Structure formats: C-alpha cells, structure tokens
Amino acid sequence: MSVSQRLVKTFVRWEAVLVVLLVGVFILNTSLSPFFLRRVNLLNATYNFMERAIMALPMMLIIIVGEIDISVAGTIALSSTMMGLAMQAGASIPVMVMVALGTGLLAGMLNAVIVLRFRVPSIAVTIGTMSLYRGIAYVILGNQAITGYPRELAAVGQGVVGNTMFPVPLAIFIVLAVVFGVVLHRSRLGRCFYAIGNNATAARFSGLPVDRYKAALFSLNGLVAGFAAVLLTSRILSTRPNIATAWELEVVTLVVLGGVAITGGKGSIYGVLLSVFTIGYLRFGLSLINVPSQVIGIITGLLLVGAIILPGLFEKLSNRMIIDRQLIPEIDSEATATDA
Amino acid sequence: MAEVVRLDDARKFFPGVKALDGVTMSIRSGEVHALIGENGAGKSTLVKVLTGVHSLTSGTVYVDGSSVSFRSPHDSQAAGIAAIHQEASMFPNLTIVENIFMGHHLRKPSGLLDWTTMKTRTSELCGRLSLKIPPDTLVRDLSVAQRHQIEIVKALSIDARVIIMDEPTASLSLKEIKELYELVRKLREAGTAIVFISHKFEEIFEIADTYTVLRDGRFVGDGRVADVTTDDLVRMMAGAALDRLFPERTPNIGDISLRVQSLRQAGVFEDISFELHKGEVLGFFGLVGAGRSELMQSIFGVRGRDGGSVIAGAVELKALRPQQAMKEGIAFVPEDRQEQGVVLDMSIVENTTLASLKAVSRFGFPNRRTELSTTARLAKRFSLRASSLLQVVAALSGGNQQKVVLSKWLATDPRILILDEPTRGIDVGTKAAVHSFIGELADQGYAIILVSSELHEVLGMSDRVLVMKEGRLVAEFDRDNAEAEQVLGAAIGATTAQRGA
C-alpha cells in the first residue's frame, strides 16, 4: 500500500466519523454548560453510563462472531433480584456479589445451550429469555422494591479510586476495555472470533471449535451482565424488577454505532470506545438542558440507523479510492514479509 | 444472419482481478456460438455482463446495433437475453407453469391471474420443442435434464432471442444430452442465437457453428468451428502449459496411514472401507452427488456418521471433531473453496495461519513475525500472486485462493492430505502447479486422497483409483489398469466392473 492509500484507509473510516461526533458532542455540551469541561463533571457524568459501557464489551465479541444477545437487560434484573434476595437472607457483600455473578453466568449459559444445542438463531432465543429472565424478577418481586442494601456496597458503584476523584466504575471499564481490546485485536482468540464471524463454516473446516467459543461468549456475556447488575444495584442501592429496562437495545446500539457489523466479522474496540463516550456524553448533555428521555431515545435511534448504513458506505468509499489505483504485480514474498 | 448482440472491447475489473480484459464477441441469430476457455478464463463474467448482473468497467454492449447498458437482469431480459444456469434457479415446490411465468404472469382484464392462458401457452411452447411434460408437474419431481428443458421453455416464454447455456450437459446422461442437442438445433432453426459454454470438445464440434476463445479474461480468437481442430482450440485455451499437466513420478508406497472401516451415514454413504498408504495418491472418482465429499467430511470430522471407524496411524478418530483429525495429521482441502476453504474478508496471512494458530503463537498471542515468515515461505512455494500478503483473500483469483487454502493446510504440518476437488474453478497454470505439488508431497511420503470429478485428473495423478456411485464404493483400479472408459463406466454404472480382488 502506498502512503496515500494508507491515509485513505486511516481517515476514511467509521472511527474518524465517531471522533468528529464526539468532538461535536463536547462542543454542544460546552455551549450548554460552561462547566461541562471541568474534570470533575466529565468524570462524574460517566457514573450514569458505565454499566452499559461495560456490557458493550462482551456484546461486541458476541456480535463479531455473528450472534447477538438481547437478554442482557433481563439478566441484570434477575441478577439484581437474586442479589437482593441474598441480602435479605443475610448474606455478606461478597456473597451477594457472587450470587449476582452466578445468576448472570447461569443465564448466559442457558442462552448458549439453547442456541447451540437446538440450532435456533440467537436473536429468537434471547428475545425469549429476555422476557423469561425479567419475568422471573417480576414474579419474585411483584411491584415491590428491595431496598436496605448496606451503605458499604455503594463503594463499588458510587465510589472513587483511593483519594482521587476517579470513579470506580470508569476505572473498571478502562481495565476491562484494555483486556477485551487486547484479546480481540492481539490474541489468537480474537483472530478466531473474526474468522468465525466472517465465515463460520470455513472456521469450522479449519478446525476452530466454533460452538465452544460461542458458548463461552454467551456465558461471558451473562457473567458481565451479572457484574453490571452489581454496579447498578450498588449505584442506586435498590432493586426493582423494571431496572435496566430497554438496556439491551442501548448496549447493541453502542456496539453497532461503534462500527461493529451487525452481520459479524468486523469491528474494533476503538470504535466501541468512541461510541460509548459519544452516546454517554450526548445523553448527559441533553439531560443538562432537560431534554426528555423520549427525545434522547429518538436521537440515539437515528444514530443507530445511521450507524448501520454509514460504515458500509464508508468502507465502499475507502475501497474504491484504493482499488482505482490497484494493480496486480507479481509478489515478492520475501520483501513483503520483511517490510510489513 | 443478423448480428443480435455484440460486445466491443469489453473490460470488467474486480479488486485485484481483470476478469475481462478487452473481449470482443459477435452473437448472431440462428447460430450456436461456443464460448470456450478454461475455468477462470472469464466466461462466467462475460455471461454476467450479458445478463445484466455485472456492468462493464469499460467497453460497449450492442443489441441490434445500438449501444445499451444493462442496469439489472431485468433490462437484459427485456432485450431478449436469457441465461440457463448450471444450477437451475427454479422454485421446486411450484409447478412448471408457475415457474415459467414467475415474474411475468399473464393477467385477465380483471387483474386476476390468467392460469388457463398460461397453461395453454406453456403446452404450446413445450410442443414447439417436442417436450411432453404436463404443465402441472411440480418442478421438484423433474429430472435435472427436464429442469434444463423447462428453463429453455421459460426463456422462450419471454421471447428470448439470445439463450445462454452454461455447461448445460454437465449433469446429464448421454441420452439426455442427445435430446438437448435436438432442442438446441430446433432453436437454431427458429432463428434463436445460442451461446453455448462447454468444456467438452466433442460437444462443441457436434453442436456449435462459431466459437470465441477466452484466456485469462482476454480474447484469444474466434471463427467458424468447421475451420479448426481440437488441437487448435486446446492451444488457444491453454497457451503453452498443457503438455506437462501431470507430473511423472515413481510411487514409493509405504505403510498404512489411514484405515476406514465400514463407514456409513444413512442415506449418504454406506459400507465404505479402504486403506490409504504413505506416499500414495488415492483417487476418488464418481459423479457429482456420489457421496465423495460427504465421506471425506465425515472422515475429517465436520460431518457425522452412523457407524464404522476411521483410524489414522494407530489412533481411532472417535471424537467427530476436526481438531482430533488434525492432531493425527489429517488436512482437508474442502470442495467449496469460498464457503468452506477461505475466509474471504481476512488477509492472506490470517487465512494461512488459521488452522495452525497455536504454532505461530506465544502465550496465546499470534506472533506477527512468525506468521509473516510462515506465510511468505508458503506463498513462495506456491508462487502466490498477490500485491501484498496483507491483501484480503476476496481480492485474489480462484487459483490463488486455492493456493492460500493449500498453504493453510501445509502450515499444519500434516501427514495425510484429503484434497476435495482441489483444481475446480482454477486456471490452467495453477492447476498444473497443484498437480506437481501433489506429486511432490506424495514423493515426500505424504498420504494423499484426491477427490475429483475430472476423469483425466484422477487417472493422471492417482496410484490407485476408487470409484463411488450412489454412496458406495463400486470399483477399484490400479494405476496400470485404470482405463478411462472403465473408470467412467463404473461411476455411471454402465459396466459390471467389480471392486478389487
């Protein structure tokens, strides 16, 4: 690739659009409130969207392998409910956390078993389990809320790291994002995920344990949803059966807006990170001027539709700009290997 | 005879591939025009241009002397061009009439569908071609040959003046082929222009009036079939490389490396037993649908089985997972390159190391340098043509994609290679390269299974040939007594050849 082709590849891509969007959101928010750009505001704003941000990470992997999990918000409700029951039964905080994580993991594993054993499309299965998991929460709680969580629990969802003003959830998200990014972009697993998402048959014919990886990802997604339930519960210190309503769509929005192809096989952690903060701060800014949440929903909806259409267009554009100048010279494999 | 369609200096470029590079062709009414070329020569692209699937990068299509540009298959049909594909694109659960008028139903003045007229019209069109199939028959109840005939009727129903037939005889019996010829002659007499794509020279000399030869997307020559010989056409098609298609070698057969016993999958293959030795090329011949690919997939573990055993070396493969077969040194180059072989949107490097990621990784992380050197070594061995090893495989030609698949499996350091149609759809040069590569590997002591529907490839490459028919092994031939006619006869069931001694 020539230098100009590299430039095209670098800048005519979806991530570049997201950077522009993010900058736009910052400008908007600053014009709405001159205090927005203060560090403390930037950091505190993240408390509101970190649970969804963390859930976007495993969802990114699931969508990259060509599956989807719609049941995550239901899983949060169920995990939080179980956590509340554990609390009422007198469990300590570590036990409550384990209960939430365990519930999430089981929910994810059930998705995996149904999708892979019975070969049903994951979108159908998880729409079903979405209602199932939240339904159980409703059956257990009725219209009641569980309150009375110990104050110490708040240290997770509302806390700061040490003596800084750095939010704990944001710190956890950053650590997880690095881990997921390294796995996706550097590790053997990540390579396999892309291969499976692009062509599951060829992946299977190449000896990759496709079903095992997918099962692991569904389980992981449930586990992380359980963890998000811990964060959320500790942030609001209560459990209601309707918590995290419609979050599944918001999480999918974050991933797809981040440039992950809904058909699988494509996407990067960078795009997802950008979209997490773009959407997060956009919501924050709009709520500063009391835009009703329904309107915020409309705006994110439009962004999502745009996100499904636009990355493909950008790729075509970037490819066309490159292909026009492409020839097929004889390869000098040695040279290619050393200069690449 | 009037020129109906003319292509002038047609060019069609895809990323990294010049599929058509300056092709000129004149199609006249009342003529059968053979379009000749090896796989990958550009025939299918040309058909897709004529049928409005692809638009040209440059050049012009003329219909009746005026320049046209087809934006969709619909435009092309409206201009009177119809194609009959190898894999008939029909609706199996609908009747013949429904299929023929799909997309251009006749209506009564009230707006309701006029089935009576459509049926009459179907019978009339069938009559014109002397076909005797009731128009109410469901398409799924028709034989392949009959489906082809119905496709032709469908073409006539839209008043097609140019009918393109893409390897129409590929899956037909001798008798059915004769009937097809009759049909083609009738169409010709009626003034229809036929573009006839075929790999078989007998057919071309039997039925075609004129020919156009393509090679690597370029126009090589055209003229009247009566003025040329088979040798002329072969020379035009192949360029220079044809003589050394199959490598000479002296097989050195060793111990048994793979033993298959009474393997069966209900309804697919039955009672399959054979042994494969080190240093041996074992050919599997049979017609399409004989169950060869399914058998190989089952041996490799990507398809189930209902009984029997597969033993590689001393280990029985029970797990039904390809990982186990790979651990015992089995590599499997599948039949469907694009679906099963490569991941199109990933790079050459990523495809090459996909089956051996562990070997190029440290602590679970693929090492870029190791990956590149492994890939570069294999790319060199196969003379892979690509602008960079980081190029996506989708941008490569079929032959080069196959080289990537072969590289991928060689990178796993196998002992047993199962090659399922390894040269299907690839150019002559690559074909020869694959053949000599198979010979080399066998000489180095690899055990090789070669599944191929190309009789001469099986005969030219194999030390032993097994013939499958309808899911069973029906005959076995040694290299010395494998005669083309007998092997083919066993596959189609024409002779009474018995398996082995």
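Order of the sequence lines fixes the chain letters, A, B, ..., with proteins taken first and strands second; residue numbering starts at 1 for each chain. Quick caveat: nothing in here was measured; it's all calculated off a predicted structure.
- Among all heavy-atom pairs drawn from B:F300 and A:F205, the shortest one is CE2-O, 3.5 Å.
- A donor-acceptor pair under 3.5 Å links the side-chain atoms of A:N199 to the main chain of B:E339, judged by distance alone.
- At a 4.5 Å heavy-atom cutoff, A:V183 makes no contact with chain B through either its backbone or its side chain.
- Contact detail for B:P366 and A:R191: the closest heavy-atom pair is CB-NH2, 4.0 Å.
- Without hydrogens or angle criteria, A:R204 side chain to B:V302 main chain gives a donor-acceptor distance under 3.5 Å.
- Taking all atoms of both residues into account, the shortest heavy-atom contact from A:A202 to B:V342 is CB-O, 3.5 Å.
- The environment of CZ in B:R11 is crowded: more than 12 heavy-atom neighbours from other residues, nucleotides or ligands sit within 6.0 Å.
- Most heavy-atom pairs under 4.5 Å with chain A: of the set B:K408, B:R321, B:K358, this distinction falls to B:K358.
- Taking chain B as the reference chain and counting heavy-atom pairs below 4.5 Å, the highest number among A:P209, A:C192, A:G265, A:A200 is found for A:P209.
- Interface check for chain A: of the options B:V349, B:V405, B:L357, the most heavy-atom pairs under 4.5 Å are formed by B:L357.
- Within the model, atoms CE of B:M326 and CG of A:L208 stand 7.5 Å from one another, a figure rounded to the nearest 0.5 Å.
- Looking at B:Q324, there are no atoms closer than 4.5 Å to chain A (heavy atoms on both sides), in backbone or side chain.
- One distance of note links CH2 of B:W409 with OG of A:S206; it measures 5.5 Å at 0.5 Å rounding.
- Interface remark: of the candidates B:T353, B:T412, B:V360, B:D345, B:D345 forms the most heavy-atom pairs closer than 4.5 Å to chain A.
- Between A:R186 and B:F365, the shortest heavy-atom contact is O-CD2, 3.5 Å.
- Scanning all heavy atoms of the two residues, the minimum distance from B:M346 to A:Y194 falls at CE-CB, 3.9 Å.
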